[in-house]
Novice: 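This is the structure I have questions about; it appears just below.
Model, not experiment: these values are computed from the prediction. Counting begins at 1 with the first residue of the sequence.
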Amino acid sequence: MTNQTTEYTLIDFIRDMTWVIERNESDAVRVAEAERLLGELLRTTSWLSPEKRKPSSEGYARHSLYCDPQGRFEIIALVWKPGQKTSLHDHDGTWGAEGVVAGQIKVTNYLRVDEISESLVKLRQTDTLIVNQQMTGKLLPPADCHILETEGDQTAITIHVYGKQLRKFRVFQPLQQEGIFSAHDSFVGYTPGPI
């Protein structure tokens, strides 16, 4: 008898994430399982089609891979040319898991310390790390604010799983008082549309 191993595909990931969402109401459990399953998915990359690997000169490309019909989670691929980065942002109150398919990403994490008002937030930088290929991480509010940027001179590809369809996030700009940031909503779409 031959020992065969089957490749874990995006279809498998969607099936398993749906099962996790349907059986767990805890965001902490959902994000932990999403990160674990994402680690399994990143062992191979043949499931990611060439058109979902294309960068954009307008900013990082944001390709939709799957959106749950009930809006319970979505999966997107971000493609980054060298030098591209995000602003400091959150994830609109939802959990997320992220992993690197190719290249390296520098992540600067922040913790939301206080919501002073709808447009003023107190944040504290917690750490900065380099995330290599096949590595994963998770986001769970209030620890869901960060800056992502490419590291090195290679195109990077990251996969992101969020606990809803992420159509907007808040962007934070530092003010003169240390740790205090102004906040405003930024709406996002998918590539090839503007992001």
Novice: Is there a donor-acceptor pair closer than 3.5 Å between any side-chain N or O of R53 and the backbone N or O of L48?
Specialist: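 Side chain of R53 to backbone of L48: a pair is present.
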Novice: Should P141 and D90 count as side-chain neighbours, where that means a heavy-atom distance under 4.5 Å?
Specialist: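 Contact flag for P141/D90 side chains = no.
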Novice: Supply the atom-to-atom distance R62 CZ to L78 CG, rounded to the nearest 0.5 angstrom.
Specialist: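 Going from CZ on R62 over to CG on L78, the span is 7.0 Å.
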Novice: Decide if atom NZ of K106 counts as having more than 12 heavy atoms of other residues, nucleotides or ligands within a radius under 6.0 Å.
Specialist: no
Novice: For the pair Q84 (side chain) and S56 (backbone), establish whether a donor and an acceptor sit closer than 3.5 Å, ignoring hydrogens and angles.
Specialist: yes
Novice: One thing to verify: whether R170 and D185 come together as a salt bridge, which I'm taking to mean a side-chain N less than 4.0 angstrom from a carboxylate O.
Specialist: no
Novice: Find the distance between NE2 (H160) and CG (L166) and round it off to the nearest 0.5 Å.
Specialist: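 It is 10.5 Å, given to the nearest 0.5 Å.
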Novice: Taking the basic N atoms (NZ, or NE/NH1/NH2) and the acidic carboxylate oxygens, is any pair closer than 4.0 Å for D144 and R112?
Specialist: yes
Novice: Answer yes if the ring centres of Y66 and F13 are under 6.0 angstrom apart, and no otherwise.
Specialist: no
Novice: Per the side-chain hydrogen bond (donor to acceptor under 3.5 Å, both in side chains) rule, what does the pair list look like for residues 133-143, sequence neighbours excluded?
Specialist: E35-T136
Novice: Once you round to the nearest 0.5 Å, how far does OG1 of T44 lie from CG of L10?
Specialist: 10.5 Å
Novice: Would you check if the side chain of W47 reaches a backbone N or O of L41 as a donor-acceptor pair within less than 3.5 Å?
Specialist: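 Yes.
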Novice: If you draw a 6.0 Å radius around CD in E51, do more than 12 non-hydrogen atoms from other residues or ligands fall strictly inside?
Specialist: yes
Novice: Could you give the distance from CZ (F169) to NE2 (H184), rounded to the nearest 0.5 Å?
Specialist: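 F169 CZ to H184 NE2: 9.0 Å, rounded to 0.5 Å.
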Novice: Just verifying a value: how many Å separate E22 CD and M17 CE, rounded to the nearest 0.5 Å?
Specialist: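 Between E22 CD and M17 CE, I get 10.5 Å after rounding to 0.5 Å.
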Novice: Return each pair, listed once, that meets ring-ring contact (aromatic ring centres under 6.0 Å, His included) where at least one residue sits in residues 113-156; pairs must be two or more places apart or across chains.
Specialist: H89-H146, H91-H146
